[in-house]
Novice: 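Questions regarding the structure given below will be posed in turn.
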2 protein chains.
Amino acid sequence: MLTDRQLQVLQVIVDDFISSGQPVGSRQIAKKDNVSFSSATIRNEMADLEDLGFLEKTHTSSGRVPSEKGYRFYVDHLLKPQIITNQEIATIRSVYADQLMETEQVIRESANILSDLTTYTSVILGPDVHMHKVKRFQIVPLSATQAVAIIVTDSGHVENRVFTLPEDFDMRRIEKIVNILNDRLVGKPLVEIPLRIDGEIAQLIREHVGAYSDFVSSLFNRISAQDEGRIYYGGKTNMLNQPEFHDINKVRMLLDIMEKTPQVQMLFQAGNQQGVQVRIGSENNLLAMEDCSIITASFDVGDDQHGSIAIIGPKRMDYKRVVTLLDFMSGDLSRLLTNNR
Amino acid sequence: MLTDRQLQVLQVIVDDFISSGQPVGSRQIAKKDNVSFSSATIRNEMADLEDLGFLEKTHTSSGRVPSEKGYRFYVDHLLKPQIITNQEIATIRSVYADQLMETEQVIRESANILSDLTTYTSVILGPDVHMHKVKRFQIVPLSATQAVAIIVTDSGHVENRVFTLPEDFDMRRIEKIVNILNDRLVGKPLVEIPLRIDGEIAQLIREHVGAYSDFVSSLFNRISAQDEGRIYYGGKTNMLNQPEFHDINKVRMLLDIMEKTPQVQMLFQAGNQQGVQVRIGSENNLLAMEDCSIITASFDVGDDQHGSIAIIGPKRMDYKRVVTLLDFMSGDLSRLLTNNR
DNA sequence: TTTTAGCACTCGTTCTTAGTGAGTGCTAAC
DNA sequence: GTTAGCACTCACTAAGAACGAGTGCTAAAA
């Protein structure tokens, strides 16, 4: 559809705007080494690109700025992957250096490195613990009236709840209940626990213990709400450096969103797909993210767990670099976290 | 030292500035109902108060603004405690409504309510788990090579670490180690664990198990670094509403500090003292907090655990209200969290 | 037919200038 | 000791001028 020259002009404009943040004028382009035609010609091409919806003007006599469609085209067709430097690889791999065993620790550290490397904000969605399988169930009494219930999963994740012991349940009864729970729940994914407890297990407890108490169902009914993939941030305030976020209201909206787990998880929707995904501005379907792009990639933890890794930056973020970094890092993380097991 | 009229003028100026945020002029004060002298007289008093260091001018012909010394005097001598409304009490007590058992949950919710009620940022420093005593120690194997170590404390707090099993340590040896750890560590505060492990316990393990592996000491050596009082925030972005934080750099510095645990803990230094503490501007000894005041109070969890609760706001925050609220809330929290046990 | 040079025009930005108003300090009268 | 009056200060705002980066269009050159 587009001529070679139009492609070239578009590419130069997007590249230039990404690095300068200023609207790009025709003369500026003409001065580039790899551009051999005059500013007037470029003005004509720019007018055409604007008609096609790839460029915009901030006012009638300003230079051009890429539109969302322009960015989209750039990302889809004009992005030449960058070579990742040894320096960067070394920085990323410094995560391994400490021989951190815990997934959580690795993820936390990765988020920080990623934000340092990009100067944008990084978000990592840890693996969804829903599908982790129960390894052991246990109740530890704390006092005459209180106890803590603990579930260990096969991934090493530990869930715990403090609860009040019902007066008519002595330790013998509690032990029986623990046995039943272990018998029935070990090997089952966390997500099924509430259902199973309210169904067969309540039944079994009534049979063998002689009475049932709501405390059992209340123990882990909140698993589904909590912990559906913990969220880790790196460089939360990095975005304040971007000139497009000098508006306090935009900042506020963005920071507010980051406090709201469900909204953030929404941003990762498409993140389960293979490879690196780029969502630009309004493609995020979120008012606060209208001026942001988010680039996501997913990584594996073991055979059946997945996490997502993302960079949130301004629409004029350095797509080349971020895509390359995320691609590399997600692969590396997968390898590290899978071998850990 | 100060005359009654000077006291009155100072009080009116601080009150007025707190509610309006604008420098206060002599005419404005003269117009108040409870002020019976002319603007010229007030100008004279203001000049004296400025000489004494209680007031400042933003420029030669502007109204007056309280200096830090002025705020300090106001807080120390002119603060008449406000009456807390039933409405507010009801809001605060709604935390109990859910019959939340877990300290963590209660604290998290309290932080949110407090920030809603004040429109400032709230910070709660949870009880320091260092002094919690070990209730049970346990190792749950996950696979042939991995296991998770768990410590339950008397407060219901659970610490866990995933680690790699040394090849020469089979389950029998591990069990022996667990027995030794339980035998020696139950009842001891968390903070002593690393020391005890490296001392007597390493010795015992060598004797009874026949070999020692570093994995035991590496298990909980990080307890001291982590979890020395978890920090919870409410209304992190509330401060963006304050006109004095329209400067993006101040915001950045403040938000950055909130990500840094040690710095935040520093802010609570004096928070262990009884009652409500007010620290104004540079009294915080922290560049980023130069334009902020922080009001802290402490609460008890059980007989020997303490937490702190704080509000961070601009120097011209509503001290009356915040002091009253914090005083009430810390008492209420103490009662709730202590009875929970 | 395509490209380019030239030119009038637009519009955001910056600098100046003048005007306004809230506020002060000082002095003299009450 | 208190107050009225007045000259003065200074931030803030609006309006105008100069500037410059950029455009669109036209006509000539390739």
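Atom set for the values below is all heavy atoms of this structure, side chains included, hydrogens, waters and symmetry mates excluded. The chains referred to below are lettered A, B, ... by the order of the sequence lines, with proteins before strands, and numbering in each begins at 1. Every value quoted in this text rests on a predicted model; they were computed, and no experiment measured them.
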Novice: Taking atom P of D:dG22 as reference, at what distance in whole Å does atom CE of A:M46 sit?
Specialist: 9 Å
Novice: Write down the distance between CZ (B:R64) and P (D:dT9), rounded to a whole number of angstrom.
Specialist: 17 Å
Novice: When you check the side-chain N and O atoms of B:N285 and B:R279, is any donor under 3.5 Å from an acceptor?
Specialist: no
Novice: Just wondering, are more than 12 heavy atoms of other shown residues or ligands nearer than 6.0 Å to CZ in A:R321?
Specialist: yes
Novice: For D:dG24 and A:K57 - does any side-chain N or O of the residue sit under 4.0 Å from the phosphate oxygens OP1/OP2?
Specialist: yes
Novice: Taking only N and O in the side chain of B:T41, is any of them less than 4.0 Å away from OP1 or OP2 of D:dT2?
Specialist: no
Novice: If the cut-off is 4.0 Å, is B:T60 near the phosphate of C:dT24, judged by side-chain N/O to OP1 or OP2?
Specialist: no
Novice: Is any N or O donor-acceptor pair between the side chain of A:S61 and the base of D:dT23 shorter than 3.5 Å?
Specialist: no
Novice: For D:dT23, take OP1 and OP2 only and decide whether either is under 4.0 Å from a side-chain N or O of A:S26.
Specialist: yes
Novice: Which listed nucleotide (C:dG23, C:dT4, D:dT23) is nearest to the side chain of A:F37?
Specialist: C:dT4
Novice: Return the 5'-most residue of the pair B:T58, A:P23 with respect to DNA chain D, ranking by each residue's nearest nucleotide.
Specialist: B:T58
Novice: Does the salt bridge (Lys or Arg N to Asp or Glu O under 4.0 Å) test come out yes or no for B:E259 and B:K236, once each step is laid out?
Specialist: CA-CA 11 Å; B:E259 309 285 312; B:K236 253 188 185 179; 3.2 Å; yes
Novice: Report the distance from atom CD1 of B:I13 to atom C1' of C:dT24, rounded to the nearest whole Å.
Specialist: 13 Å
Novice: Take atom CZ in B:R27; do more than 12 heavy atoms of anything else shown fall under 6.0 Å from it?
Specialist: no
Novice: Using a cut-off of 4.0 Å on non-hydrogen atoms, how would the nucleic acid contact of B:S62 be classed: base, sugar-phosphate, or nothing?
Specialist: sugar-phosphate
Novice: Check every atom of C:dG25, D:dC10, D:dG24 against the side chain of B:H59 and return the nucleotide holding the closest atom.
Specialist: D:dC10
Novice: Whole Å only: how far is the CZ atom of B:R27 from the P atom of C:dG25?
Specialist: 16 Å
Novice: When you measure from the side-chain N and O atoms of A:Q22 to the phosphate of D:dA21, is any distance below 4.0 Å, counting only OP1 and OP2?
Specialist: no
Novice: Can you tell me if the side-chain N/O atoms of B:S39 get under 4.0 Å from OP1 or OP2 in D:dT3?
Specialist: no
Novice: Contact between B:F73 and B:L7 at the side-chain level, heavy atoms closer than 4.5 Å - yes or no?
Specialist: yes
Novice: Using the side-chain heavy atoms of B:S38, tell me which of these nucleotides is nearest: C:dT4, D:dA4, C:dG25.
Specialist: D:dA4
Novice: Would you indicate which nucleotide in D:dG5, D:dG24, C:dG23 comes nearest to any side-chain atom of B:R43?
Specialist: D:dG5
Novice: Atom CG of B:D48 and atom C1' of D:dT2: how far apart are they, to the nearest Å?
Specialist: 14 Å
Novice: In whole Å, what is the span from the CD atom of A:E50 to the P atom of D:dC25?
Specialist: 11 Å
Novice: Let me know the distance between CD of A:Q6 and C1' of C:dT3, rounded to the nearest Å.
Specialist: 15 Å
Novice: From CD1 of A:I42 over to C1' of D:dC25, roughly how many Å is that when rounded to an integer?
Specialist: 17 Å
Novice: Would you check if there is a donor-acceptor pair between the side chains of A:Y74 and A:D15 at a distance under 3.5 Å?
Specialist: yes
